[in-house]
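Read through the structure below, which is laid out as structure tokens, and then see the notes.
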Amino acid sequence: MATATKERGALTHPDVHHLTDVNRDILKILSRPGKGWWALFLLACAGVGLFFGMWGWQIYKGIGVSGLSAPVGWGTYITTFVFWVGIAHSGTLISAILFLFRAPWRQSVYRLAEAMTVFAVMTAGLFPLIHVGRVWHAYWLIPYPNARFLWPNFKSPLVWDVFAVTTYFTVSATFFFLGCIPDIAAARDQATGLRKKFYSLIAMGWRGSDAQWHHFGKAYIFLAALATPLVLSVHSVVSWDFAMSIVPGWHATIFAPYFVAGAIFSGVGMVITLAVPMRKIFGLEAYLTIKHFDALAKLCLLTSLIVLYAYLSEFFMAWYSGEEIERTAFWNRLFGTYWWATWTMLVCNGLVPILLWFKRVRHSIAALFVISIFINIGMWFERYVIVVTSLSHEYEPWAWGIYRPSFVEMSMVAGSFGWFAFWFLLFTRLLPPVAIAELKEVLPPPLRRQRKEAH
Amino acid sequence: MSDGIKRRDFLKVLGASGAGAALTGCSPQKVERLIPYVVAPEDITPGVATWYTTVCDGCAAQCGMWVRTREGRAVKVEGNPNHPVSGGALCGKGHATLQHLYNPDRYAGPTIRENGTLRPTTWEEAEALLAQRIQGAAGNVLFIAGAMGPSMSGLADAFLGAVGGRRVQYDALSDAPLREAMLRAFGTDALPRYDLAATRFLVSFGDDFLESGPSPVEYHRGFARMSAVDEHGTKGRFVYAGARLSLTGQNADEWIPIRPGSEAALALGMASVLAAGGRTAGPWASLLSTHDVAAAAQATGIGEDAIRDLAERFVSEGPSLALGPGVGVHHRSATAAHLAVLVLNHVAGNVGRTLHLQGGPLGATGSYADMEGAIAAMSGGQAGVVLVHGANPAYSLPAGSRFAEAFGSVGFKVSFASAPDETSALADLILPDRHFLESWGDSSPKPGVVALRQPVMQAVPHFDAKQTGDVLLSVASRLGHALGGATFYEYLRGAHQTMHGTDEAAFEAAWREALRKGVSEHPVEAFPAARDILPPAAAPAFDVPALDGDGDFILMVYPSSRFGAGEFSNSPWMLELPDPVSKIAWHSWVEVNPAAAEARGIRQGDIVTVSSPHGSVEVPVWLYPGIREDVVAVAMGGGHTDFGRWGTGKGANAMTLLPAVAEEPSGAFVTLATRVTLAPTGRRQRLVTTEGSDSQHDRPIAPAVAIAALGHDSGAGHGEGAHGPLKELQGVGGFVPVDAGGGKPEAFPLEGSRYGQYARHEEKARWAMAIDLDKCTGCSACVTACQSENNIPWVGEDQVLMGRELHWMRIERYYEHVDATHASHVDVRFLPMMCQHCGNAPCEPVCPVYATYHTPEGVNAQIYNRCVGTRYCANNCPYKVRVYNWYRFSDMNVPEPMNWQFNPDVTVRTNGIMEKCSMCMQRIRDAENRSVLEGRGKVPGDGDIVTACQQSCPAGAIVFGNLRDPDSHVSHVVRSERTYRVLDDLINTQPGVSYLKKVTFHEVAPGGHE
Amino acid sequence: MSAPAHALLASYEYLDSAVDAIEGLRKAGFKSLKAYAPYPEHHIEAALGYGQSPVRVFTLVGGLTGAATGFAFTIWTSMDWPLVVGGKPHVSIPAFIPIAFEMTVLFGALSTIIGLFILSRLPALKPPVIYDPEFTNGRYGVHVDAPAERVEEARKILSAHEPVDLQESTEAAHA
């Protein structure tokens, strides 16, 4: 038995020898933050300020401060909503699906991926509210017994969206916190003073007893089993916001799988973007090894190929359908007013990831970081292209129009990154950013016999 | 409990609006006091509209009006069906007169200018001052006045006779050349009456009778009856001979792009062909021999064959009618051109058949020649006191006329303008006149027709205005002259009493009847129907007139169909209404032919300096294929310098490019007089246009059908188009075929909307609309009517630029064939587009909160207070007819007292919600209630409901009614073989609005396109 | 038996010593055992002879409830006030599937968590009588409640595998 476990651990963490190393290396991250962290945190706070400042201004003046107009009633806000929802996907994917498949490399990345998921959903969830004209009535989308017995219209994809996103947030937040509990207990047992009180409270009395571990394991498996289809469903539902309409360029059966692949693609990209600096700042080289990045890069490559295939089949189908209106929509997408957005999308999501075929690239942290940035940009533009170009050229030629994002919109996009970073930075300081217990699971357990043999 | 509070609030509101009516002449503060009716004013039933008849004062046409008032406020104007001119319709400008009534820029009261600054004063002081100055003027009073009713002009003349002075009538847009030509051709000093309805072949030599001209609405109605296909599948043909396609030209079947000024040559050339063909030219025969086809071809730049062909069809396809050049083409020999056209009509035998010497519109009788005299008198110091009423020459005359200097040199200048304008800005004393909806008056739009003008509401209390007639009478009495009556009302009654003899009772009855009916017709002495033409006098120059300067473009300055000569430039409705031709709102533009522009490297939106020998303006370029390559055109009405908050500084004033020339011999102001050069300034701007694309891209939006194809059904637009049988996906059962319109119109819901869950037909109607595109001329009166009825605020220039206009209706204008290089057919499609009230409405299922749903009577309803503003419905609307409140436009843009115009029956929408055409739901409900109260059943009868757009349409293109009643008018119309529903073939939306295809003389492809 | 129980807790540095200790105690017939580990260690679970966890039941019931609720709610609300939209049937089952699905997942997940908390007696904010913080770091622990007369025997078995530390308490953790 010992040898088996030894192999397991040796596979990914050659430089971590003893169980206590893990606590030492991970829990030290929770100690006093340095200057760099504070700098980033202040920057994030500034972003949050900008974000809510602009939102307040928009609520005060009216949605007209955005660049939205007829015929483009959806623009940057919805683009950014889909972008963040997409980001949110890799987290649960890595933790749940890879857990079910027993992927040996997930342990050290899944915690930050899950955190990213939770915060990304928190960011995404704001944008539909920002987008609606009367946010003070947005709660009408939630089914609650009211004086008129008027319920939401469950035929509307937007209501599906409300259910999907809220469910996704609840489940992934639960999943995330559940995984944290044993590690919080670990932090509790080493912390002192106020922190100890805090951790004791949220560890909820976890001691790592056999019974706890037993049920914990089972519950974790079932949650993973539930979260997996949920991941796929959520972005499918988001895609149906578009696919269920009759807008040329939206009304396509390919949308659900296409969006899911894109979501995973962008999510994994964002994981790399976050993991690289964390590895450097917190000295996690021993835990986030090249092998991990190599695996993430391969996942990126796969999903980018799927996404590229989806792009091409969309254009092919538009041509093959012979439907003039469909053709015009896609011709306009490539060569119309918004050609630059479309080509940015194609280059960032289709061309750049091709580099990942090369092992040397996959094994260069710097290169991966740069590519991941490209992916983030490309995926934002993918949603922009889908939302804006399709709406700008619909059935009625007389009603064709052009949309120009306003300053307010763009600063709220920027601010949303601040909002996301705000939570993520807090997370790195308050919760163990790498899964302690699960790492120990894959380390060789300490055995008396070996020591005897050694002597 | 809560109920009680609601009721109390309701009473307060009632009191407020009632007070507005009850307290006249009081200050606005008092009006705002919340008091319930103690003694209810007569004629006012809270919540019930009261209608009054009066006469529109928007232009010389003097259409009869119905004014709808609620709680003492005028909220809507409509055409008076009893009136021979309007016949129930109204143009956009007519609707906009309401905004002049509530114009917040109106003068608050009489003001005196003392060393440069205006000082408010009392009427007492003002009139005393005026009387004293007139006394000092020693009989040198000059009264510059626009068109006035018979009684008012009678009073003015009596006044001037008493105090010593003369009246000069000034009309910025004059019909003098036609009048002069009539005098020279037939010896009658009146405009002819065109019987368009009886015409089968109409040729317009640049007469834009649909938009400007003496009586647009009347001619609109006639034109619709002439040009729309009838039950026999025949229709009249309309040929437009002019340098630029105006709205009138865009409605033509053929366009002969002649060189400007060559109308006379063309007309005479045609006449000479007819004469050669054996028709008698009488005394003109010899002249016609010299002005032959060759000369015409040479002058017009059109091939001889084309002219010959046109001339031959002019008689063979008759009864025909030729119309002389309109105001936009008043060049230095406009009278000659009109004379030539009359000769053509005479030779073709139209006089007495389609052209009647009697019963024509009054028209604008003033001429610029008289004005020149007045200017000379003023600068010559022969005018002690100058009174200006209903005219704004300081704006509408070019600098060359030296009006401003002459006017400024006068000792005492009085303006009766009710709102600031360029002329009142120069006046020493301003005595604001009342709006015509607040005052008494009369009009005689044509011989034998007299209509009374009555105040429909108490004067708007914000403005202490006084009717000019009353002012003249009181000033006269101060000077010891009795002109008959202390008030203009008495004077008016007196004037009319003389018409009825002495029987007091009979007169009282006639008076009341005239007020009730809105018009009274009197016999006029008989008149020989046809009259032989007079011989050519000292032959006027029929050749192409001279033009100033040597620029490479000829400048056309034409009256705007929205602003006239600029009187309506301060009406937000008119400013926001896209011009029917260019579809540009708010600002001015210069029309340039794309080929000519390309040759000079000028692009759409380039701001160019248009300079003539007389002045220059900077305007953006709009590329227009409907104008000759050697011509550019600018509309009148822009570039006001002092005309209120909306009109001032908008666009450019094209008049400044023109010389101050009076046409010989009529004396009309010459609008086509000079050449100009275009010099790019290097600056550009995005045009404030509502046009997304001027081409249909072969989509089934506005197809047409060739007249030859009528009778044998083309099939296109019915059920399955070029896309195979329609199918729809059902929840269970997969795809099933649907009938997308083949079914009988009354068989609603059609199979495609099987889940429509309509009530039983005796319970509920299926409200539907049918629009005949063969009648629609794109005049856009319906757009303003809708805006006025449904409390649609304007959004402003910057918002229209972003595509945020709130109009529930838009008129789409697609070019199919427009060729300025040679004579050929022209095909421009107009499509009034509003909510199609689809049976399978794509907007409904996507709304998360049921803010839009399908009512049992088939209307696609929008519930404002339920909307949260996701804008999903607008995305999913294939017709893009849903408009969104991006700001609180009603609060931001509509100042007091303009909000008095709001229709109490329609919600004023707030920020962040979607809205759209409701098929005038308030009128539907009103008719339903009346029907039930009068025991006629739950479903109103056919014709009980008239939507605002339908009511206003001069062409009668819009029909509304119950589609489930097989005998209703709309059902009959929809049965036409020309019926189609926009995009229905493609996406099975089952619209409740049906269109009837335009009928063309030329062939159209199966898809309905060129 | 009448004599009060006696709690012993041994901390081991090595996995196999903990496992051996547990097996020793079970052979000796000690019933109320409890083990601590820094991570889920199936060797210990095996030594304690665990079977299936009943958490699965919670998950199943929750999921089914969710699905039922989803369909019932959407169907009832569309019948409660039938409004025609887009010419579609009031009850459009295909359109309700996404709702039902999300409800399934939501209810399933939440009931799983509830199940976990009930079964593993969380939250338990009162710390156990004897505990070694190193259990969440690198050590394994074996806890046994021995009746007074067998305390000596239990102590012997525990110490036989070189515990780093051995704590005792006169009150049992779970009697």
Task: Sequence-distant partners of A/Asn153, side-chain hydrogen bond (donor to acceptor under 3.5 Å, both in side chains), two or more places apart - done: none

Rounded at 0.5 Å granularity, tell me how far [atom1] in [X] sits from [atom2] in [Y].
{"X": "A/Ser209", "Y": "C/Leu48", "atom1": "OG", "atom2": "CG", "answer": "10.0 Å"}
{"X": "C/Arg56", "Y": "A/Ile221", "atom1": "CZ", "atom2": "CD1", "answer": "9.5 Å"}
{"X": "C/Ile97", "Y": "A/Trp160", "atom1": "CD1", "atom2": "CH2", "answer": "9.0 Å"}

- [ ] Tell me, out of A/Ala164, A/Ser236, A/Pro152, A/Ser156, who's got the most heavy-atom pairs with chain C below 4.5 Å.
- [x] A/Ala164

- [ ] Specify which of A/Arg24, A/Lys218, A/Gln190, A/Glu438 makes the most heavy-atom pairs with chain C at under 4.5 Å.
- [x]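 Between A/Arg24, A/Lys218, A/Gln190, A/Glu438, the count favours A/Lys218.
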
Task: Distance-only donor-acceptor check, side chains C/Asn137 and A/Thr20, under 3.5 Å - done: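 No.
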
Heavy-atom distance under 4.5 Å between the side chains of [X] and [Y], does that happen here?
{"X": "A/Leu150", "Y": "C/Leu83", "result": "yes"}
{"X": "C/Thr112", "Y": "A/Phe175", "result": "no"}
{"X": "A/Phe222", "Y": "C/Phe58", "result": "no"}
{"X": "A/Ser233", "Y": "C/Glu102", "result": "yes"}

- [ ] Check for a donor-acceptor pair, side chain of A/Lys440 on one end and backbone N or O of C/Thr136 on the other, with a separation under 3.5 Å.
- [x]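 Yes; at least one donor-acceptor contact below 3.5 Å.
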
Open item on the list: Any side-chain to backbone donor/acceptor pair from C/Asp16 onto A/Leu447? Under 3.5 Å, distance only.
Closed with: no

Open item on the list: Please check if the number of heavy atoms outside A/Lys28 that lie under 6.0 Å from its NZ is greater than 12.
Closed with: yes

Open item on the list: Counting neighbours of CZ on A/Phe149 that are heavy atoms of other residues, nucleotides or ligands and sit closer than 6.0 Å, is the number greater than 12?
Closed with: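 Check fails, neighbour count at 12 or below.
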
Could you report the tightest heavy-atom contact between [X] and [Y], atom names first, then the distance?
{"X": "C/Ser92", "Y": "A/Lys155", "result": "OG-CE, 3.2 Å"}
{"X": "C/Pro38", "Y": "A/Ala437", "result": "O-CB, 3.7 Å"}
{"X": "C/Tyr39", "Y": "A/Glu441", "result": "CD1-CA, 3.8 Å"}

TODO: Only one of C/Thr59, C/Leu116, C/Ile113, C/Val105 passes side chain to side chain contact (heavy atoms under 4.5 Å, CB included) with A/Leu223; say which it is.
DONE: C/Ile113

With a 4.5 angstrom heavy-atom cut-off, could you sort out which part of [X] is near chain A: side chain, backbone, both or neither?
{"X": "C/Tyr140", "value": "side chain"}
{"X": "C/Asp132", "value": "neither"}
{"X": "C/Pro98", "value": "side chain"}

Heavy-atom cut-off 4.5 Å, strictly under: side chain, backbone, both or neither for [X] against chain C?
{"X": "A/Pro229", "value": "both"}
{"X": "A/Trp213", "value": "both"}
{"X": "A/Leu27", "value": "neither"}
{"X": "A/Leu226", "value": "both"}

Counting heavy-atom pairs under 4.5 Å with chain A, which one of [options] comes out on top?
{"options": "C/Leu106, C/Thr77, C/Thr104", "result": "C/Thr77"}
{"options": "C/Gly115, C/Gly63, C/Ser120, C/Ala95", "result": "C/Ala95"}
{"options": "C/Gly138, C/Gly141, C/Ala124", "result": "C/Ala124"}

Open item on the list: What residues of residues 195-208 of chain A make heavy-atom contacts with chain C at a cutoff under 4.5 angstrom?
Closed with: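 Contacts with chain C: A/Ser200, A/Leu201, A/Met204, A/Gly205, A/Trp206, A/Arg207, A/Gly208.
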
Task: Ring centroid separation C/Phe73 to A/Phe154 under 6.0 Å - done: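 Centroid separation for C/Phe73 and A/Phe154: below 6.0 Å.
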
